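Every value quoted in this text rests on a predicted model; they were computed, and no experiment measured them. In what follows, every chain begins at residue 1, and chains take the letters A, B, ... in the order their sequences are listed. We use all heavy atoms of the structure for the numbers below, so side chains are in, but hydrogens, waters and symmetry mates are not.
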Protein chains: 2
Amino acid sequence: MATLKYSRQRESIKNYLATTKEHPTADTVYLQMKKEFPNISLGTVYRNLNLLTEIGEVIKIPTPNGGDRFDGRIEPHNHFLCTKCGRLLDLELDMKNIEEVNQMAGTNFDGIIQSSSILFYGECGDCIKKS
Amino acid sequence: MATLKYSRQRESIKNYLATTKEHPTADTVYLQMKKEFPNISLGTVYRNLNLLTEIGEVIKIPTPNGGDRFDGRIEPHNHFLCTKCGRLLDLELDMKNIEEVNQMAGTNFDGIIQSSSILFYGECGDCIKKS
DNA sequence: ATCTTTGCAAAGGATTTGCATCACG
DNA sequence: CGTGATGCAAATCCTTTGCAAAGAT
């Protein structure tokens with residue numbers, strides 16, 4: 001693997017993802033970065049998101065529709081996708097519970113489970129109020 | 001919602017997904033269908049996969065890389081993605097456990113959780129043997 | 001006869017890649 | 001300097017869509 005070299009763009013992307021509570025798509029990250037680096041290109045954003053994902057500083061969350069979301073919170077946690085408004089929210093589960101789930105799953109399985117990500121579906125609080 | 005009309009193509013797609021143990025991408029389904037309907041088009045496959053997903057006869061599984069996978073097993077169950085070889089496998093969890101997880105998640109959450117899908121990551125049995 | 005589904009092809013969106021240049025070490 | 005990262009644009013992959021013809025009820 002090639003040696004990683006510092007780049008202001010990557011640093012800024014990483015920092016943005018670590019501080020935002022949203023779960024931006026690559027495009028949202030791009031738009032955000034443009035404020036600081038007006039000439040930044042989408043390609044750079046994608047390259048860095050993938051890089052950060054590979055080295056584990058960022059999580060990529062696949063969703064059934066639209067593009068993947070990115071998340072700078074790397075502690076194990078899970079997500080909720082509102083089937084009405086499409087918002088992706090954090091959903092807390094105790095570490096203990098997460099590990100328990102991983103363990104349960106591992107009992108009848110001949111591979112090694114390193115991690116898991118749960119995507120919950122349903123209707124979020126806001127949408128319920130509106131209906 | 002418009003009335004559903006019978007189509008041999010849709011029937012065949014549904015049947016294929018119900019019997020295969022793989023978790024094919026749309027393209028794999030297309031290639032498979034071509035054996036029976038040499039003129040079938042990718043558009044038809046996508047339209048039917050989405051339709052079947054909407055009416056709940058098929059499940060769409062988003063993965064972090066490559067296209068979505070489809071699964072004709074509609075009983076709640078979960079999946080394991082091997083980070084080495086990329087295979088997507090079924091992973092059994094008791095219904096009881098799944099519901100327990102959903103319930104745990106719902107306790108500190110103001111929305112309604114209807115379902116969940118867990119994607120486990122790790123190294124599958126085959127890859128472990130090879131290394 | 002009416003309304004749905006199909007095949008085809010073109011369009012669309014998301015992501016990746018080649019290349020010359022720029023920046024870090 | 002040497003190598004990695006960037007910006008730009010073109011390319012690629014995956015999925016959706018418009019339309020006229022064919023199929024289902």
Side-chain angles (χ1 to χ4, degrees), chain A residues 1-17 22-55 57-71 81 86 88 119, chain B residues 1-17 22-55 57-71 81 86 88 119:
Chain A
M1 174 156 52
T3 335
L4 216 53
K5 221 169 254 186
Y6 173 86
S7 106
R8 281 178 303 148
Q9 288 86 335
R10 180 160 57 238
E11 211 52 29
S12 182
I13 290 173
K14 184 172 137 189
N15 182 61
Y16 167 57
L17 285 175
E22 298 181 42
H23 299 80
T25 60
D27 199 65
T28 306
V29 174
Y30 170 62
L31 260 35
Q32 190 68 24
M33 288 306 105
K34 249 190 160 160
K35 295 179 187 170
E36 194 176 347
F37 306 95
N39 294 327
I40 199 172
S41 81
L42 242 187
T44 298
V45 170
Y46 273 104
R47 271 185 291 236
N48 279 310
L49 286 174
N50 287 336
L51 215 118
L52 290 169
T53 301
E54 273 166 38
I55 63 177
E57 309 223 340
V58 148
I59 292 169
K60 187 192 277 195
I61 309 162
T63 68
N65 43 310
D68 293 340
R69 314 295 190 92
F70 294 88
D71 191 340
L81 183 64
L88 186 69
L119 187 54
Chain B
M1 175 155 52
T3 335
L4 218 54
K5 226 167 248 186
Y6 173 86
S7 106
R8 282 177 300 149
Q9 289 87 333
R10 180 160 58 238
E11 211 52 29
S12 182
I13 290 173
K14 184 171 135 187
N15 182 60
Y16 167 57
L17 285 174
E22 298 182 41
H23 299 78
T25 59
D27 199 66
T28 305
V29 175
Y30 169 61
L31 260 36
Q32 188 69 24
M33 289 306 105
K34 248 190 160 162
K35 296 179 187 169
E36 193 175 347
F37 308 94
N39 293 327
I40 199 172
S41 80
L42 242 187
T44 298
V45 170
Y46 272 104
R47 271 185 291 237
N48 279 311
L49 286 174
N50 287 336
L51 214 116
L52 290 169
T53 301
E54 272 166 40
I55 63 178
E57 309 222 339
V58 149
I59 292 169
K60 187 193 278 195
I61 310 161
T63 69
N65 42 309
D68 293 340
R69 313 296 190 92
F70 294 87
D71 190 341
L81 183 64
L88 186 68
L119 187 54

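Atom CG of B:N39 is separated from atom C1' of C:dA9 by 15 Å (rounded to the nearest Å). Following rounding to the nearest Å, A:I13 (CD1) and D:dA5 (C1') show an atom-to-atom distance of 11 Å. With rounding to whole Å, B:F37 atom CZ is found 12 Å from D:dG23 atom P. The distance between atom CG of A:L42 and atom P of D:dA10, rounded to the nearest whole Å, is 15 Å. For the pair B:I55 CD1 and C:dT5 C1', the interatomic distance rounds to 14 Å; values are reported in whole Å. Rounded to a whole Å, the CG atom of B:D68 is 14 Å from the C1' atom of C:dT15. Per the geometry, CD belonging to A:E54 stands 14 Å off C1' belonging to C:dT15, to the nearest Å. Going from atom CD of A:E11 over to atom P of D:dG4 covers 19 Å, rounded to whole Å.
You'll find the side chain of B:R69 stays beyond 4.5 Å of the side chain of B:P24, heavy atoms only. Counting heavy atoms from C-beta outward, B:Y6 and B:E11 have side chains that approach closer than 4.5 Å.
Among the atoms of the strands shown, base atoms are found under 4.0 Å from some heavy atom of B:R47. Counting non-hydrogen atoms under 4.0 angstrom, B:I40 reaches the backbone sugars and phosphates but no base. Within the 4.0 angstrom heavy-atom criterion, only backbone atoms of the sugar-phosphate kind lie near B:N50; the bases stay farther away. Residue contacts for A:N48: at a heavy-atom cut-off of 4.0 Å it reaches the sugar-phosphate backbone alone, with no base atom in range. Backbone-only engagement by A:L4 is indicated by non-hydrogen atom pairs under 4.0 Å involving sugar-phosphate atoms exclusively.
Regarding contacts with the backbone of C:dA23, every side-chain N or O of A:S7 stays at 4.0 angstrom or more from both OP1 and OP2. Contact check, B:Q9 against D:dG23: no side-chain N or O comes under 4.0 Å of OP1 or OP2. In terms of phosphate contacts, B:Y46 brings a side-chain nitrogen or oxygen within less than 4.0 Å of OP1 or OP2 of D:dT15. Note on B:T44: a side-chain N or O is less than 4.0 Å away from OP1 or OP2 of C:dG7. The shortest distance between the side-chain N/O atoms of A:S41 and the OP1/OP2 oxygens of D:dT6 is not below 4.0 Å.
With hydrogens and angles disregarded, a donor-acceptor distance shorter than 3.5 Å links the side chain of A:R10 to the backbone of A:K5. Looking at A:H23, its side chain never comes within 3.5 Å of a backbone N or O of A:D71 through a donor-acceptor pair.
Mapping A:P38 and A:L51 onto DNA chain D via the closest heavy atom, the residue that lands nearer the 5' end is A:L51. In terms of position on DNA chain D, the residue among A:R10 and B:F70 whose nearest nucleotide sits closer to the 5' end is A:R10.
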### Task
Begin from the C-alpha positions of B:D68 and B:I61 and carry the test side chain to side chain contact (heavy atoms under 4.5 Å, CB included) through to its verdict.
CA-CA 6 Å; B:D68 293 340; B:I61 310 161; over 6 Å; no
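Side-chain atoms of B:K5 stay outside donor-acceptor range of the base of D:dT25, with no qualifying N/O pair under 3.5 Å.
Among B:L49, B:T44, B:L42, B:T25, the one residue that satisfies the side-chain contact (heavy atoms from CB on, under 4.5 Å) test with B:Y30 is B:L42.
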